[in-house]
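What follows is one structure encoded as structure tokens, with my remarks underneath.
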Amino acid sequence: MNNFWLSLSTDIYFGKGQVNVIGKLLKKAGAEKVLLAYGHGSIKKNNVYQNIVKELESYSISFIELSGIDPNPRITTVRKGAEICKSNNIDFIIAAGAGSVIDCCKAIAAARYYNGDPWDFFTRKASIKKALPLCAVLTLAATGSEMNGGTVITNEKTKEKLSTGSLKIKPRFSILDPAYTFTVPKDQTAAGIADIMSHVFEQYFSYPESTILDHLSEAVLKTVIKYGPIAIEKPYDYEARSQIMWSGTIALNGLLGTGKDGDWATHLIEHEISAKYDITHGVGLAILTPHWMRKVLNNDNVERFAQYGRNVWGIEKKDLLETAEEAIDKTAYFFKSIGIPDKLSKLGIDDSMFEEMAESCLKYNKIGRFKNLDRDDITEIYRNSL
Ligand code: NZQ
Ligand code: ZN
């Protein structure tokens, strides 16, 4: 195992009614004027908004709202949010929503103290030096953004979707009430499950191998494979929503990547698609993942894929390659069985931009630490996913 440093600094308040701690925690943090940020209104339909406002009012904390944060959040909204924070002396941000809202708030928190354009953080022209404190009230299990320092933002003008990260934008605390995810529609629930699984894959299929992390990763995969279909069938099943919610956080809070060089190729390849076509991140991942797996599978890593097949899917074949291939087929079938389209063409995507997207994937970095991918490899993955 490589040396590592891990900080799980975000306090997690998990369970029914945990939103009731918000007022007290904000007071303790000295918050007086808060930015309450959210998306397109789902939080008003399931009482999340009302519960937060009640808390703020009962602790006499004033707030200003920023609504309308889009899925695949835009840099223009980050600029707007930063201006609101500057001109209103905001001292704390509440991100009430899913990954897009949380990511947007993280970028706003950093942009508040930056005099240049916040897109600089994403193109590596600037690093985050200071940020407003923020907390998250999570409403969809998927990204893990509620307990990590990452943010992914889309520049709608350049059609780029890029990420950056800093400990400074990690939520101070996050409220994880599984009941808040009861209203997540089936397609978003399924996309979230695919995202969670992909986060595990990106770290499981990486070097150096680690027995402890293999066991933890396989446990997360088995948990969402078990409870995902239940949550889709019975959206109000608290236990299923709980298991998935906590799995989503564990999948990307740093733990499963400790001492490893995560691969992250599938994510970078997907981000190009959601940048150009504004699709749901988890859907793109579900379509690409089996094709990424088939592309990178070789004699050197066949045992890793076979282990995944044995331990996660219970495949008991003697032949390593057959086990690996069946595991990949089962992965593709699982995504299809929870209702995710299995081809990019089903999302209205054609091959006209594949070369450009492959080029763009490689603009800032090499891709694939488990197996390095060049422009032709990436284009082939896109084509096979069509
Ligand atoms: O806009 P609202 O009304 O909130 O509706 C949202 C949105 O339409 C809806 N929704 C959320 N909670 C709901 C709900 N609808 C009903 N009931 C609820 N309880 O779901 C839709 C999708 O929301 P979004 O925030 O886009 O979903 P997700 O959490 O999957 O976030 C995806 C974004 O996160 C980025 C992705 O690239 C994408 O931009 N990622 C962030 C990461 C990170 N920060 O660590 C890592 C990930 O790999 C990922 O790249
Ligand atoms: Zn993801």
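Counting starts at 1 for both ligands and their atoms, in listed order. These numbers come from the heavy atoms of this one structure, side chains and all, not from hydrogens, waters or symmetry mates. All values derive from a computational prediction rather than experimental measurement.
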With a cut-off of under 6.0 Å to the ring centre and 45° to the axis, is [X] in cation-pi contact with [Y]?
X: Lys16; Y: Tyr238; result: yes
X: Lys130; Y: Tyr113; result: yes
X: Arg124; Y: Tyr364; result: no

Item checked: Heavy-atom side-chain contact between Ile94 and Leu134 under 4.5 Å -> no
Given that the side chain starts at C-beta and the backbone is N, CA, C, O, which of these parts of [X] lies under 4.0 Å from ligand 1, counting heavy atoms, or is it both or neither?
X: Leu252; result: side chain
X: Thr280; result: neither
X: Asn46; result: side chain
X: His281; result: side chain
X: Lys161; result: side chain
X: Asn148; result: side chain
X: Ala142; result: side chain
X: Phe182; result: neither
X: Asp103; result: side chain

Notebook entry, point to check: Which is closest to atom 24 (P) of ligand 1 in terms of heavy atoms, Gly284, Ser100, Gly192?
Noted result: Ser100
Next item on the list: Could you list the atoms of ligand 1 found under 4.0 angstrom from a heavy atom of Thr183?
Entry: 16 (C), 17 (N), 18 (C), 19 (N)
Checklist line | Atoms of ligand 1, numbered as shown, that sit under 4.0 Å from any heavy atom of Asn72 | finding: 38 (C), 39 (O)
Next item on the list: Compute the angle centred on the Zn ion (ligand 2) spanning OD1 of Asp195 and NE2 of His267, and express it rounded to 10 degrees.
Entry: 120°
Next item on the list: Report the angle formed at the Zn ion (ligand 2) by atom NE2 of His281 and atom NE2 of His199, rounding to the nearest 10°.
Entry: 170°
Next item on the list: Determine the sole option in Glu218, Glu326, Glu303 for which the salt bridge (Lys or Arg N to Asp or Glu O under 4.0 Å) test with Arg310 is passed.
Entry: Glu303
Item checked: Whether His267 and His271 hold their rings parallel, tilted or perpendicular, with breakpoints at 30° and 60° -> perpendicular
Can [X] and [Y] be counted as having a side-chain donor-acceptor contact under 3.5 angstrom?
X: Ser145; Y: Lys106; value: yes
X: Asn311; Y: His215; value: no
X: Tyr114; Y: Asp120; value: yes
X: Glu65; Y: Tyr49; value: yes

So which protein heavy atom does [atom] come closest to, and at what separation?
atom: atom 6 (C) of ligand 1; value: Ser42 OG, 4.5 Å
atom: atom 20 (O) of ligand 1; value: Leu140 CD1, 3.5 Å
atom: atom 47 (C) of ligand 1; value: His199 NE2, 3.4 Å
atom: atom 22 (C) of ligand 1; value: Gln188 OE1, 3.5 Å

Ignoring angles and geometry beyond distance, decide whether [X] reaches within less than 3.5 Å of ligand 1 through its nitrogen or oxygen atoms.
X: Gly99; value: yes
X: Gly150; value: yes
X: Gly41; value: yes
X: Lys106; value: no

Next item on the list: For Asp342 and Lys346, run salt bridge (charged side-chain N to carboxylate O under 4.0 Å, His left out): C-alpha distance rounded to whole Å, both residues' side-chain angles, the deciding distance at 0.1 Å, then the answer.
Entry: CA-CA 8 Å; Asp342 57 350; Lys346 291 187 178 169; 2.7 Å; yes
Notebook entry, point to check: Charged N to carboxylate O under 4.0 angstrom, Arg383 versus Asp351?
Noted result: yes
Margin query: Between Lys161 and Glu272, does any NZ, NE, NH1 or NH2 come within less than 4.0 Å of an OD or OE carboxylate oxygen?
Written below: no
Check: Below 2.8 Å, any N, O or S contact between Glu270 and the Zn ion (ligand 2)?
Finding: no
